[in-house]
Amino acid sequence: MTQLLSIRHKSLAIICSLLILPISACANKSEEAKKPKASEKPALQTTASPMKIGVIGAGWLGGTVGKLLVKAGHEVMFSSRHPEELQAMAKELGSRASVGTPKEAAAFGDVLLFAVPYDAIPQLGIDLKNEINGKIVLDACNGGSGDLGKEVDANGNGPTSAKYLAGTKLVRVFSSEDATAIEASFDRKENKLAIPIATDFPDARDVAAQLVRDAGCEPVIAGNLSTGVKFQRRTPAFRANTNATELKRLLDQTK
């Protein structure tokens, strides 16, 4: 009789364990589902004021700055002449990144980053006239050839860009540093890369300065738009890729 009761108790214990096990297993699976996968990168939310930003020209410079701004918490639409080539990059960056044509990106963004070959500026000003009107434009373009190059040499990149991108609040920014230096600064805690800013619009200046900080760099206000000549090509500050103290010294060298 004692043996029979023992067998019954053991059988009852086994049955109970089989009933409880699926519940426990489901709970464990639920907890596992909550954990981020090793391949998933946690989203960084560092900006206090998320913005919608349209990137016109998502190459080396535009693509790099755009990626950093997505990581900082902004919504960014990347564009190029071949937007389908940007889909993989946008997918990797997550839901805050999207892809479109230059016209779509210009319509999407409250702030626009232009990072295209300088010779494309006049035509873009015509094609995107309605979409860019009244918006803050971060002009990171350099150069110019032929007559356009002569105009830049005579008047500076800033005033020339403002002429062709008429109706915008134009800011010269992200135009004098290497994309690799900007990306490296994003991960540093100290000795941040300095980015000079030149514009005639105080509100645009403040927005540009915030976006420079969000990209992991330190803004240095050069002055009004005409002071952009102090950090365009063939000046000591161009591609200096240095900190704020040294950049200010280099800007002061150029009159």
Asn142-Ser175 side chain donor-acceptor pair, cut-off 3.5 Å: no
If we ignore angles and hydrogens, is there a donor and acceptor under 3.5 Å between the side chains of Ser226 and Asn224? yes
Would you say the side-chain atoms of [X] pair up with the backbone N or O of [Y], donor to acceptor, closer than 3.5 Å?
| X | Y | answer |
| --- | --- | --- |
| Asp119 | Ser145 | yes |
| Tyr164 | Ile126 | no |
| Asp139 | Leu170 | no |
| His74 | Pro50 | no |
| Arg96 | Val70 | yes |
| Glu104 | Thr101 | yes |
| Lys71 | Lys67 | no |
| Lys169 | Phe201 | no |
| Arg213 | Gly216 | no |
| Ser185 | Ile182 | no |

Is the closest side-chain heavy-atom distance between [X] and [Y] below 4.5 Å?
| X | Y | answer |
| --- | --- | --- |
| Ile197 | Val171 | yes |
| Asp214 | Leu68 | no |
| Thr254 | Val229 | no |
| Ile195 | Pro219 | no |
| Val65 | Leu138 | no |
| Arg239 | Asp178 | yes |

Between [X] and [Y], is there a side-chain N and carboxylate O pair less than 4.0 Å apart?
| X | Y | result |
| --- | --- | --- |
| Lys163 | Glu151 | yes |
| Asp110 | Lys52 | no |
| Asp127 | Lys103 | no |
| Asp153 | Arg234 | yes |

Single-linkage hydrophobic cluster Val173~Ile136, side-chain heavy atoms < 4.5 angstrom: yes
Considering all heavy atoms of both residues, which atom of Val212 and which atom of Glu218 are nearest to each other, and what is their separation? CG1-C, 3.7 Å
